[in-house]
Undergrad: 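Okay, handing you the structure first.
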There are 2 protein chains.
Amino acid sequence: MKVLIVLAHPEKASLTSSLAMLAKETFESQGDEVKVSDLYGLGWKSNVDKEDFPENNSDRLLVCDASKKATRSNSLTEDVVEEQKKLLWCDTLFLVFPLWWFSMPAILKGWVERVFSFGIGYGVGVHDSTHWGDRYGEGTFAGKKAMVITLAGGWESHYSARGINGPIEDLLFPINHGILYYSGFDVLPPLVAYRSDSFDDNSFKKLSLKLKERIISLQETKPIAYKRQNYGDYTIPALELKSEIGCKCGGFSLHIEN
Amino acid sequence: MKVLIVLAHPEKASLTSSLAMLAKETFESQGDEVKVSDLYGLGWKSNVDKEDFPENNSDRLLVCDASKKATRSNSLTEDVVEEQKKLLWCDTLFLVFPLWWFSMPAILKGWVERVFSFGIGYGVGVHDSTHWGDRYGEGTFAGKKAMVITLAGGWESHYSARGINGPIEDLLFPINHGILYYSGFDVLPPLVAYRSDSFDDNSFKKLSLKLKERIISLQETKPIAYKRQNYGDYTIPALELKSEIGCKCGGFSLHIEN
């Protein structure tokens, strides 16, 4: 495998960083090639702004338009191009981050916003009456796998089906479905650790074991069965699930095959 | 009213920025006081790192712990303190941003991560067998209102109950419930605009009218009826909705009163 691990934690001695390093070692020990994008180590620039589009000479920055033009004319900034190269190189992407405010840290969100440019992460493929872009099951990263590893401060029950924070699957849906599946990845079930502030040696050992098992069994792990956009389940261009498909209940789970 | 508008868009001439300015003018025209935090204008630093805790002298950065100590010892950085002052001053908070990758832009996420520090945004109140911190209906910002104004590139149907992106209410749940309600705000229903890249004068006029109406009727607008954490609906400390409460279906909507 060719693995890209994207790490988003400011402390090298953190649980999060340790897991990223353990993932790297485990992959390498089974002969895989690994690249790590340590976003804090890279001094990653998070904020999308005019500097991202050096050849944009319009007075008014239209972000999607500028991103499209810069992607087409190969004038994206070097840091972005480097990350895109890694994404195109890999067959497996790991995002490793602490769950801050029920989502990814700003630095990782900024990595997505800048690296998944128009023509790479979105705005791919034709839009017509039978096909609404290469997305949600198609796209630049089709054929690659992605997996989230995240650490939450709260208890597992707080993130359960009836837990107050909302189910972890739903909290991660905007990432797993909205970013990773959208751009073509097959998304593996996440590895989530809870009560990350109360970890001791024993809980770290257990978690390490889980992570190793996930890596060893990665090729046989079934991705989350999100429904594909352009293969009959959704109306086009409204992109609503056809009335005969899925339960009548609401929520994100409607978009997963039973 | 005392209104804080937090704006997250790199272009002053954008639809997003225009809406923020229109909100400001509308509030002011009815005699309200308004402060604007234009995050790009401020050059907001998004990434939580060691520099945020100048008095932290531990070799290893434990983010929550460092945040708690810095909040208690009044040693948070000046930019963070300024934003906290504005939040404590206001009675109404508007977050105005483009919906990028189904969430807030990195710069705004970084504002939350740095400004909602331990002791202000989280880690407030006692934790015991009947009360699990002042959060989800209690907290520092209790008694204040908050509202999201966001602009999505996709179509409204794509964000409908059966739309492929997932329902907009659910996509915004980690923000509305997980950030705003968590820290005490009463959260008003969001104002969402769609197909933001195809706006013309007429659609801008319609949206402007909607925004003005929302501001004029703000005091009478009922907040989203999220269930309060410490008032009998949830078990403590597991924080699961009691079995007799709510429907058996899953998803975020379980946490809203019918």
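As a basis for the values below, the full set of heavy atoms in this structure was taken, side chains included, without hydrogen atoms, waters or symmetry mates. Sequence lines set the chain letters: A, B, ... in the order given, protein chains first and strands last, and positions in each chain run from 1. Remember, it's a predicted structure, so these values are computed and weren't measured experimentally.
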Undergrad: Which atoms form the tightest heavy-atom contact between A/F102 and B/G178, and what is the distance?
TA: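 Closest approach of A/F102 to B/G178: CE1-O, 3.2 Å.
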Undergrad: Looking only at non-hydrogen atoms, find the nearest pair between B/S157 and A/A238 and report the distance.
TA: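 Closest approach of B/S157 to A/A238, heavy atoms only: OG-O, 2.8 Å.
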Undergrad: For A/R162 and B/Y234, which heavy atoms make the closest approach, and how far apart are they?
TA: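 Closest pair (atom of A/R162, atom of B/Y234, distance): O-CE2, 4.4 Å.
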Undergrad: Select one option (side chain, backbone, both, neither) describing which atoms of B/H158 are under 4.5 Å from chain A's heavy atoms.
TA: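 Contact with chain A: backbone and side chain both.
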Undergrad: What parts of residues 117-130 of chain B touch chain A if we use heavy atoms and a cut-off under 4.5 Å?
TA: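 Residues B/G121, B/Y122 are the ones that qualify, each having a heavy atom under 4.5 Å from chain A.
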Undergrad: Under 4.5 Å from any heavy atom of chain A, what part of B/D59 do you find: side chain, backbone, both or neither?
TA: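 Backbone only.
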Undergrad: Any idea which of B/D233, B/I107, B/L108 has the most non-hydrogen atom pairs under 4.5 angstrom with chain A?
TA: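 Maximum pair count with chain A is reached by B/I107.
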Undergrad: Distance from A/F173 atom CZ to B/F173 atom CZ, nearest 0.5 Å?
TA: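 Reported value, rounded in 0.5 Å steps: 15.0 Å.
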Undergrad: Quick one: what part of B/W100 sits under 4.5 Å from any heavy atom of chain A, side chain, backbone, both or neither?
TA: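 Both parts, backbone and side chain.
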Undergrad: Have a look at A/P174 and tell me which of B/L99, B/L171, B/D170 forms a side-chain contact (heavy atoms from CB on, under 4.5 Å) with it.
TA: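 It is B/L171; the other options fail the test.
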Undergrad: Which atoms of B/P98 are under 4.5 Å from chain A, going by heavy atoms: the side chain, the backbone, both sets, or neither?
TA: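 Neither part, no heavy atoms under 4.5 Å.
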Undergrad: Between chain B and each of A/W132, A/Y182, A/W111, A/Y136, count heavy-atom pairs under 4.5 Å; write down the option with the most.
TA: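 The answer is A/Y136.
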Undergrad: Do side-chain atoms of A/N47 reach the backbone of B/W44 as a donor and acceptor pair under 3.5 angstrom?
TA: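 Such a contact is found between A/N47 side chain and B/W44 backbone.
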Undergrad: Might you point out which heavy atoms bring A/G251 and B/P167 nearest each other, and give the distance in Å?
TA: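 Result for this residue pair: N-CG, 4.3 Å.
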Undergrad: I'd like to know if the side chain of A/K109 reaches the main chain of B/G110, judged simply by a donor and an acceptor atom lying under 3.5 Å from each other, with no hydrogens or angles considered.
TA: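 No, because the side chain of A/K109 does not come within donor-acceptor range (under 3.5 Å) of the backbone of B/G110.
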Undergrad: Does B/P105 reach the side chain of A/V48, with side-chain heavy atoms less than 4.5 Å apart?
TA: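 Counting from C-beta outward, B/P105 and A/V48 never come under 4.5 Å.
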Undergrad: Inspect the surroundings of CD in B/E51 and state if more than 12 heavy atoms from other residues, nucleotides or ligands are less than 6.0 Å away.
TA: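 Incorrect, the count does not exceed 12.
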Undergrad: Answer yes or no: are there more than 12 heavy-atom neighbours, outside A/D201 itself, under 6.0 Å from its atom CG?
TA: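 Result for CG/A/D201: open.
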Undergrad: With a 4.5 angstrom heavy-atom cut-off, is it the side chain or the backbone of B/L62 that approaches chain A, or both, or neither?
TA: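 Neither part.
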Undergrad: Find the distance between OG (A/S46) and NZ (B/K45) and round it off to the nearest 0.5 Å.
TA: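 Rounded to the nearest 0.5 Å, the OG-NZ separation comes to 9.5 Å.
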Undergrad: Looking only at heavy atoms, which two atoms of A/N165 and B/R135 are closest? And how far apart?
TA: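 Distance-wise, the nearest heavy atoms are OD1-NH2, 4.3 Å.
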Undergrad: Going through the distances and angles, do B/M104 and A/W101 end up as a side-chain contact (heavy atoms from CB on, under 4.5 Å)?
TA: CA-CA 12 Å; B/M104 46 171 64; A/W101 293 104; over 6 Å; no
Undergrad: Just so I understand: if I count every heavy-atom pair under 4.5 Å between each of B/G154, B/A13, B/G166 and chain A, which residue has the most?
TA: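 Sorted descending by pairs with chain A, the first entry is B/A13.
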Undergrad: For the backbone of B/Y40 and the side chain of A/D49, can you confirm whether one donor and one acceptor N or O come within less than 3.5 Å of each other?
TA: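 No; judged by distance alone, with no hydrogens or angles, the pair does not exist.
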Undergrad: Looking at A/I164, is its backbone amide N or carbonyl O close enough to the side chain of B/Q229 to form a donor-acceptor pair, meaning the two atoms are under 3.5 Å apart?
TA: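 Here the side-chain-to-backbone pair does not exist.
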Undergrad: Which atoms form the tightest heavy-atom contact between A/A161 and B/L254, and what is the distance?
TA: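 Heavy atoms of A/A161 and B/L254 come nearest at O-CD2, 3.8 Å.
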